[in-house]
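Single-structure report; data block below.
Just so you know, these numbers come straight off a predicted model, no measurement behind them. Labels below follow one simple rule: chain letters A, B, ... track the order of the sequence lines, proteins then strands, and each chain is numbered from 1.
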There are 2 protein chains.
Amino acid sequence: MNDGTDTGLPTSFELAWGVREHPNKGPKRGLSLNRIIEAAIGVADAEGLRAVSMGRVAAELGAAPMSLYRYVGTKDELVTLAADAAYSPPPDVPAAGEDWRPALARWARAERDTLRARPWVLQVPISGPPTTPNAVAWMERALRCLEKTGLDAGERMATLLLVTGYVRSHMLIETQIAAALESAGQPPGAELTGYGRQLAAVADRARFPALHAVIDSGTFDEPADDIDEDFDFGLERILDGIEVLINARV
Amino acid sequence: MNDGTDTGLPTSFELAWGVREHPNKGPKRGLSLNRIIEAAIGVADAEGLRAVSMGRVAAELGAAPMSLYRYVGTKDELVTLAADAAYSPPPDVPAAGEDWRPALARWARAERDTLRARPWVLQVPISGPPTTPNAVAWMERALRCLEKTGLDAGERMATLLLVTGYVRSHMLIETQIAAALESAGQPPGAELTGYGRQLAAVADRARFPALHAVIDSGTFDEPADDIDEDFDFGLERILDGIEVLINARV
DNA sequence: GTCGTATTGCGTAAGTTATACGCAGAAGTA
DNA sequence: TACTTCTGCGTATAACTTACGCAATACGAC
């Protein structure tokens with residue numbers, strides 16, 4: 001029972017939104033949801049998402065594992081909130097008078113940069129449509145970029161999902177490649193030596209001709225001199241596609 | 001030490017490719033990698049990825065948990081192989097003389113249908129670039145669609161990633177919404193009642209005007225009369241964007 | 001045939017993990 | 001001052017992955 005507006009969200013999410021406050025009875029609280037989230041982010045930053053366990057986070061705070069459950073209903077809630085808070089605040093797009101396309105491109109690159117700084121966010125299993133504060137704030141910004149495009153609400157929403165989906169899946173691949181390289185002992189930034197060779201060793205030439213054409217071209221083994229080039233390639237394709245629609249609409 | 005070509009892949013992957021065979025000494029094997037993978041898929045289909053544990057899969061086969069480790073190095077390997085095998089074989093694209101665009105669209109819809117049939121595949125954490133047989137076979141098919149487009153190898157690869165990334169992220173959202181609905185007790189196929197209301201309860205109107213415009217439009221609460229409409233929207237945008245590039249190239 | 005050896009299935013056990021439950025005590029309220 | 005409410009957390013359980021090693025088996029060589 002709270003003040004009438006039942007959100008249907010977990011209590012910890014309402015806490016994060018500031019919609020609900022902790023009661024002020026009882027003993028003084030030694031922890032806070034924010035501190036717990038910060039601790040979880042710290043562990044994930046330093047040792048990866050795998051290392052985030054209730055016990056580990058509690059240890060970081062000098063608390064007992066079970067004390068966290070006064071602030072968070074379940075481990076998944078904590079991880080979701082940590083992923084949300086690990087996102088930086090969204091960029092200030094669109095600037096006054098800025099066109100939708102450069103604005104949305106800036107938005108996409110900002111999300112890319114955020115994910116590059118905290119790759120583990122991509123490992124967090126998604127358990128529903130976004131309802132956490134920061135994720136919704138990012139949504140809001142992207143929607144603002146699209147307001148004067150003539151697209152209807154459903155199209156604006158679909159466009160936003162298109163762009164964020166691209167950013168996330170691109171960064172997932174980039175991250176995985178980097179991780180595979182590093183675990184192979186090579187310094188980050190080196191080329192993906194081995195992937196082409198692995199495929200060639202296992203996929204025979206006759207059944208995979210188109211693949212071998214790519215392998216032979218050296219695409220897999222070339223150093224990615226400019227990492228952002230690949231990202232921009234896909235982004236420009238998507239923005240081109242959206243532009244086609246918007247121009248046809250006007 | 002095997003026949004000279006060291007793939008650098010886990011043994012179980014080589015087994016799945018057929019590149020390596022089990023030695024034929026020792027007692028007769030009661031299990032096989034394929035049977036283990038099938039059992040894992042069966043559990044995931046019936047009870048979700050969460051239910052897939054070494055013990056559970058072994059029980060399904062009437063075997064002891066530890067016996068699986070003769071075929072699979074680790075649980076993650078098994079899950080990855082199960083996800084790979086859960087994909088149907090890729091569609092026969094392009095048909096003779098088929099243009100790249102309809103062919104690639106068929107490819108994308110086929111992947112969508114596969115993921116719809118086995119939503120748990122999307123929950124499998126990705127641990128590197130694709131090296132499993134079925135995943136590579138899908139790659140091959142998409143690359144074939146793009147062979148006569150004038151795009152270079154790197155662009156073909158980036159285009160393929162663009163499309164598959166879209167399919168996966170779209171299906172992730174579709175799946176999550178469906179799951180959220182079902183866990184809320186509503187029958188699948190019903191509208192996303194509640195999401196708009198949840199957001200409205202928690203995100204205040206002044207700070208989230210663009211979002212409220214979408215909420216007010218009812219987009220979130222309308223029944224998705226044609227589920228595939230949303231999917232095709234994004235797909236057409238992406239294909240439009242690729243077409244712009246191909247046309248500019250010619 | 002017979003022996004040696006590689007390889008099997010699997011028992012045991014160790015180490016993590018999330019989390020249900022309930023208690024003692026602290027702080028606010030009447 | 002008494003009562004209620006909430007906190008931190010100890011205990012305990014059940015599930016999980018997986019290292020290690022042993023006895024039994026069936027092939028390959030002679």
Problem - Residue pairs fulfilling salt bridge (Lys or Arg N to Asp or Glu O under 4.0 Å) with at least one residue in residues 157-169 of chain A, sequence neighbours excluded - result: none

Handout entry: A:Thr164: side-chain hydrogen bond (donor to acceptor under 3.5 Å, both in side chains) partners, not counting sequence neighbours
Key = A:Glu111

Handout entry: Residues within residues 28-48 of chain B bordering DNA chain C, heavy-atom distance below 4.0 Å
Key = B:Arg29, B:Gly30, B:Leu31

Problem - Boundaries of the chain A footprint along DNA chain D (any atom under 4.0 Å from a heavy atom) - result: D:dT4 to D:dT11

Pair up each side-chain donor or acceptor in residues 131-139 of chain B with any protein partner under 3.5 Å, not counting sequence neighbours, and list the distances.
{"unit_1": "B:Thr132", "atom_1": "OG1", "unit_2": "B:Asp84", "atom_2": "OD1", "d": "2.8"}
{"unit_1": "B:Asn134", "atom_1": "ND2", "unit_2": "B:Asp84", "atom_2": "O", "d": "3.2"}
{"unit_1": "B:Asn134", "atom_1": "ND2", "unit_2": "B:Tyr87", "atom_2": "O", "d": "2.8"}
{"unit_1": "B:Trp138", "atom_1": "NE1", "unit_2": "B:Ser88", "atom_2": "O", "d": "2.9"}

If you look only at distance, which donor and acceptor atoms sit under 3.5 Å apart when one is on a side chain in residues 23-38 of chain A and the other is two or more places apart or in another chain?
{"unit_1": "A:Arg29", "atom_1": "NH1", "unit_2": "A:Pro23", "atom_2": "O", "d": "3.2"}
{"unit_1": "A:Ser32", "atom_1": "OG", "unit_2": "A:Arg35", "atom_2": "N", "d": "3.1"}
{"unit_1": "A:Arg35", "atom_1": "NH1", "unit_2": "A:Gly30", "atom_2": "O", "d": "2.9"}

Close N/O contacts between protein and nucleotides 4-6 of chain C (under 3.5 Å):
none

Fill in the blank from the handout: To the nearest angstrom, the CD-P distance between A:Glu21 and C:dG28 comes to 15 Å

Practice task
For DNA chain D, determine which residues of residues 52-79 of chain A have any heavy atom closer than 4.0 angstrom to one of its atoms, and list them numerically.
Solution key: A:Ala63, A:Ala64, A:Met66, A:Ser67, A:Arg70, A:Tyr71

Problem - Charged tip of B:Arg112 within 45° of B:Phe231 ring normal and under 6.0 Å - result: yes

Exercise for the section: For the pair A:Arg118 (side chain) and A:Ala86 (backbone), establish whether a donor and an acceptor sit closer than 3.5 Å, ignoring hydrogens and angles. Expected result: yes

Show me, pair by pair, the donor-acceptor contacts under 3.5 angstrom made by side chains of residues 201-211 of chain B, not counting sequence neighbours?
{"unit_1": "B:Asp204", "atom_1": "OD1", "unit_2": "B:Ala206", "atom_2": "N", "d": "3.0"}
{"unit_1": "B:Arg205", "atom_1": "NH2", "unit_2": "B:Asp216", "atom_2": "OD1", "d": "3.1"}
{"unit_1": "B:Arg205", "atom_1": "NH2", "unit_2": "B:Asp216", "atom_2": "OD2", "d": "2.5"}

Exercise for the section: Could you tell me whether the side chain of B:Gln198 reaches within less than 4.5 Å of the side chain of A:Leu9, counting heavy atoms only? Expected result: yes

Handout entry: All pairs passing side-chain hydrogen bond (donor to acceptor under 3.5 Å, both in side chains) where residues 59-81 of chain B contributes a residue, at least two apart
Key = A:Arg50-B:Asp76, B:Ser12-B:Glu77, B:Arg56-B:Glu60

Handout entry: Pairwise side-chain contact, A:Phe13 with A:Val72, heavy-atom cut-off 4.5 Å (strictly under)
Key = no

Handout entry: Residues that A:Thr219 engages under side-chain hydrogen bond (donor to acceptor under 3.5 Å, both in side chains), provided they are two or more places apart
Key = A:Ser217

Practice task
For A:Gln123, enumerate each residue passing the side-chain hydrogen bond (donor to acceptor under 3.5 Å, both in side chains) test, keeping only those at least two apart in sequence or located in another chain.
Solution key: none

